[in-house]
Amino acid sequence: MEEAKATSNFIKKIIIDDLESGKHKKITTRFPPEPNGYIHIGHAKAIIINFDLAEEFGGKTNLRFDDTNPVKEDVEYVESIMNDIKWLGYEWDSLHYASDYFDEMYDRAMILVKKGLAYVDDSTPEKISEDRGTLTKTGIENKYRKRSIEDNIDLFTRMKNGEYEDGSRVLRAKIDMGSPNINMRDPIIYRIAHKTHHQTGDKWCIYPMYDFAHPLEDAIEGITHSLCTLEFEDHRPIYDWFVENCDMEAVPRQIEFARLEMTNTVMSKRKLKQLVDEKVVDGWDDPRLPTISGLRRRGYTAEAIKDFARAVGVSKSNSLIDSMMLEHFVREDLKLKSPRTMAVINPLKVTITNYDENEFELLEAENNQENKEMGTRMIPFSNEIYIEKEDFIEESPKKWKRLYPGAEVRLKHAYFIKCNEVIKDENGEIIELKCTYDPMTKSGSGFKERKPNGTIHWVEAKKAVPAEFRLYDSIIDEDGELNKESLVVTHGFVEENMKDSKPIDKYQFFRHGYFAVDSKDTKEGRLVFNRIVPLKSSYRMK
RNA sequence: UGGGGAUUGGCCAAGUAGGUUAAGGCAACGGACUUUGACUCCGUGAUCAUAGGUUCAAAUCCUGUAUCCCCAGCCA
């Protein structure tokens with residue numbers, strides 16, 4: 001499709017400025033996830049912005065795992081993140097780990113110590129917090145702040161050598177305890193954690209904090225434009241302070257933008273992890289989650305996600321995107337790519353009384369009327385078929401365009417049928433319809449003498465293949481509570497020729513929307529379909 | 001009684017060295033078409049948070065006010 005590149009935005013203007021002024025010849029961006037969970041569509045937005053920007057201006061983009069806190073991280077996550085980025089269709093210029101720079105970071109911290117710009121603080125966490133002051137109360141300097149450079153060199157070296165307990169000491173930057181920006185009140189730059197790191201093993205027992213590590217990582221890699229989300233605006237002064245005082249040659253520039261928020265879903269890693277850990281969902285790739293792996297399993301395409309992110313744009317205002325927008329781009333992308341096929345997700349048996357029960361015929365059906373290149377297929381027809389329960393009603397409302405007693409409708413790709421008799425069980429449930437068909441009305445015959453009361457889909461009963469259908473709804477409702485009906489499962493039938501469908505194959509089922517074969521639960525002889533998105537307003541009665 | 005951001009139609013979002021009827025997308029609502037109530041096609045909405053000011057002229061400049069978001073992890 002003719003999607004527009006990201007609309008013009010403030011980040012582009014900054015880049016163009018920096019390029020035109022000669023500040024940079026090439027730009028370099030980076031995507032710096034912490035490997036502490038699976039990435040979601042919000043991360044995808046950041047990935048797309050970073051890669052698209054670099055591509056548009058002839059630069060490059062690095063992937064860097066910001067693994068400065070071994071307590072929360074795991075290799076499982078680094079693998080899933082790489083996999084998801086590739087699936088989105090991006091290739092990073094080079095791969096890095098913040099932990100690759102631990103030696104250099106330590107040396108740079110020592111530069112700070114030697115300049116008298118960092119000190120070892122022996123205070124308890126509680127004391128540090130107390131001395132930091134509050135939003136309206138200024139912070140106060142403690143006695144450790146006055147330690148000599150020699151003592152600090154010695155103490156910091158011992159910290160690194162593992163002579164102290166976790167939490168007993170920290171290294172702090174000496175900036176300004178009286179700053180109105182709390183983040184500048186002598187931020188902690190190293191903490192002690194005797195914990196095995198997933199990349200560096202037991203080499204280190206002190207780990208750098210984000211505020212210190214991130215600007216150095218960017219500078220070391222020669223990142224020119226370091227994009228992050230709005231909550232880091234307050235951190236920009238620290239970012240610049242470390243780049244300058246650690247004598248970094250390269251001077252990266254931090255630019256903040258609003259994170260993606262969407263209606264009816266959960267976009268916080270913490271909450272997603274909770275849903276996974278408490279087994280409320282199937283795993284990080286549950287089709288109801290906005291994780292990349294969940295969206296992929298559900299059947300969303302990378303193209304659709306990219307088109308969506310580009311359409312949403314980039315700005316600095318906190319916004320809540322209507323998830324209808326995402327659904328739109330998924331339908332748009334699938335429209336010409338997926339075959340239209342018939343599936344009955346809530347079957348009602350129909351016997352065609354004037355069709356010979358020993359007879360059998362094959363009808364030609366187009367795979368996609370909007371994309372003739374997809375060709376045609378042959379589908380069986382006989383005296384026994386299934387139609388959708390919802391397509392029959394005993395008392396027809398005014399604008400009902402489907403079947404009811406006495407009415408005639410077209411079976412898609414086949415004949416007109418007319419309902420003559422309704423069969424119910426002892427509970428009054430409709431279990432079968434007796435209909436007659438009109439051979440004159442065969443699809444493609446050009447029959448025009450009568451107009452049917454609509455067109456409905458069906459599958460031939462004797463050869464139909466059983467399948468399970470999973471219909472998803474928002475994981476949370478309007479009140480932000482967990483939606484207990486976020487998954488509805490039904491059992492029905494699909495066309496015979498779909499029995500060899502492969503996981504992730506996508507189809508449009510008439511009136512029900514787009515479906516993908518589930519990649520986890522579809523096994524030999526068992527077909528499971530995830531509904532990707534419903535068709536727009538498909539069942540609404542005007 | 002701190003600091004940093006934001007505020008353009010229901011949801012996003014262009015537009016900011018002031019100057020014709022304030023782009024576009026999503027949603028909604030009409031109508032046409034239709035062998036999917038889909039698709040497609042046509043049509044419909046804002047004076048730019050608010051109050052003043054500067055100007056021949058302001059969403060764009062100035063001043064005040066309101067509302068929302070972020071910051072007091074040895075998380076990122």
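In the text below, chain A, chain B and the rest are named by the order of the sequence lines, each starting its count at 1.
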Base, sugar-phosphate or nothing for [X]? Non-hydrogen atoms, less than 4.0 Å.
{"X": "A:His214", "value": "nothing"}
{"X": "A:Ser323", "value": "nothing"}
{"X": "A:Ile321", "value": "sugar-phosphate"}
{"X": "A:Thr68", "value": "sugar-phosphate"}
{"X": "A:Lys316", "value": "sugar-phosphate"}
{"X": "A:Glu327", "value": "nothing"}
{"X": "A:Phe232", "value": "base"}
{"X": "A:Ser443", "value": "base"}
{"X": "A:Arg132", "value": "sugar-phosphate"}
{"X": "A:Asp66", "value": "sugar-phosphate"}

Q) Quick one: the side chain of A:Asp234 and the base of B:G3, do they pair up donor-acceptor inside 3.5 Å? A) yes
**Q.** N/O donor-acceptor pair, side chain A:Gln369 with base B:U36, under 3.5 angstrom
**A.** no
(Q) Could you check B:G18 for me: syn (within 90° of 0) or anti? (A) anti
Just the rounded figure in Å: distance from [atom2] of [N] to [atom1] of [X].
{"X": "A:Ile379", "N": "B:U35", "atom1": "CD1", "atom2": "P", "result": "17 Å"}
{"X": "A:Tyr190", "N": "B:C74", "atom1": "OH", "atom2": "C1'", "result": "14 Å"}
{"X": "A:Met159", "N": "B:C74", "atom1": "CE", "atom2": "P", "result": "13 Å"}
{"X": "A:Lys451", "N": "B:G37", "atom1": "NZ", "atom2": "C1'", "result": "15 Å"}
{"X": "A:Asp131", "N": "B:C74", "atom1": "CG", "atom2": "C1'", "result": "14 Å"}
{"X": "A:Met209", "N": "B:C71", "atom1": "CE", "atom2": "P", "result": "15 Å"}
{"X": "A:Ile182", "N": "B:G3", "atom1": "CD1", "atom2": "P", "result": "12 Å"}
{"X": "A:Lys127", "N": "B:C74", "atom1": "NZ", "atom2": "C1'", "result": "16 Å"}

Is it the case that more than 12 heavy atoms not belonging to [X] sit under 6.0 Å from its [atom1] atom?
{"X": "A:Met378", "atom1": "CE", "result": "yes"}
{"X": "A:Lys337", "atom1": "NZ", "result": "yes"}
{"X": "A:Arg147", "atom1": "CZ", "result": "yes"}

Does [X] place a side-chain N or O at less than 4.0 Å from the phosphate oxygens OP1/OP2 of [N]?
{"X": "A:Ser315", "N": "B:A13", "answer": "yes"}
{"X": "A:Arg191", "N": "B:A76", "answer": "yes"}
{"X": "A:Ser129", "N": "B:G73", "answer": "yes"}
{"X": "A:Arg236", "N": "B:G4", "answer": "no"}
{"X": "A:Ser317", "N": "B:A13", "answer": "yes"}

Specify whether [X] and [Y] have parallel, tilted or perpendicular ring planes, treating 30° as the upper limit for parallel and 60° as the lower limit for perpendicular.
{"X": "A:Phe515", "Y": "A:Phe509", "result": "parallel"}
{"X": "A:His214", "Y": "A:Tyr239", "result": "tilted"}
{"X": "A:Tyr415", "Y": "A:Phe381", "result": "tilted"}
{"X": "A:Phe529", "Y": "A:Phe469", "result": "parallel"}

Closest to side chain of [X], choosing from [options]:
{"X": "A:Ile128", "options": "B:A38, B:C74, B:G37", "value": "B:C74"}
{"X": "A:Lys399", "options": "B:G5, B:G37, B:A38", "value": "B:G37"}
{"X": "A:Lys401", "options": "B:A72, B:C70, B:G37", "value": "B:G37"}
{"X": "A:Asn69", "options": "B:C71, B:A27, B:A76", "value": "B:A76"}
{"X": "A:Lys72", "options": "B:A14, B:G37, B:C75", "value": "B:C75"}
{"X": "A:Glu34", "options": "B:A76, B:U36, B:C39", "value": "B:A76"}

Q.
Please confirm whether the ring centroid of A:Tyr210 lies under 6.0 Å from the ring centroid of A:Phe232.
A.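 Yes, ring centres under 6.0 Å apart.
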For [X], what residues pass the side-chain contact (heavy atoms from CB on, under 4.5 Å) criterion, not counting sequence neighbours?
{"X": "A:Ala407", "value": "A:Tyr404"}
{"X": "A:Leu295", "value": "A:Ile41, A:Tyr300, A:Ile305"}
{"X": "A:Ser123", "value": "A:Asp121, A:Lys127, A:Ile128, A:Asn142, A:Tyr144"}

I'd like the [atom1] distance from [M] over to [N], given in whole Å.
{"N": "B:G10", "M": "B:G52", "atom1": "C1'", "result": "30 Å"}
{"N": "B:U7", "M": "B:C11", "atom1": "C1'", "result": "15 Å"}
{"N": "B:A14", "M": "B:A59", "atom1": "C1'", "result": "12 Å"}
{"N": "B:G24", "M": "B:C75", "atom1": "P", "result": "50 Å"}
{"N": "B:A58", "M": "B:U47", "atom1": "C1'", "result": "11 Å"}

Q: Might you point out which heavy atoms bring A:Met159 and A:Cys205 nearest each other, and give the distance in Å?
A: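 Answer, listing the atom of A:Met159 first, then A:Cys205: O-SG, 3.4 Å.
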Q.
On RNA chain B, does the nearest nucleotide to A:Phe509 precede the nearest nucleotide to A:Leu320 from the 5' side, or the other way round? Give the residue.
A. A:Leu320
Q | Earlier contact from the 5' end, RNA chain B, for A:His328 and A:Thr455 | A |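 Going by which nucleotide is closer to the 5' end, it is A:His328.
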Q | Intra- and inter-strand pairs of RNA chain B in dot-bracket (Watson-Crick or G-U wobble, both distances under 3.5 Å; | for another strand) | A | .(((((((.[[[..)...(....]]].(((((.......)))))....[[[[[..)....]]]]])))))).....
For [Y], does the six-membered ring have the charged nitrogen or CZ of [X] within the cation-pi criterion, i.e. under 6.0 angstrom from the centroid and within 45° of the normal?
{"X": "A:Lys418", "Y": "A:Tyr437", "answer": "no"}
{"X": "A:Arg169", "Y": "A:Tyr164", "answer": "yes"}
{"X": "A:Lys412", "Y": "A:Phe510", "answer": "yes"}

Q) For RNA chain B, which residues in residues 165-178 of chain A have a heavy atom at a distance below 4.0 Å? A)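 Of all residues in residues 165-178 of chain A, the ones placing a heavy atom under 4.0 Å from RNA chain B are A:Gly167, A:Val170.
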Between N or O atoms, less than 3.5 Å apart, protein on one side and nucleotides 40-48 of chain B on the other: list the pairs.
residue	atom	partner	partner atom	Å
B:U40	OP1	A:Lys335	NZ	3.0

Q. In terms of side-chain heavy atoms, does A:His197 have a donor or acceptor partner in A:Tyr207 at a distance below 3.5 Å?
A. no
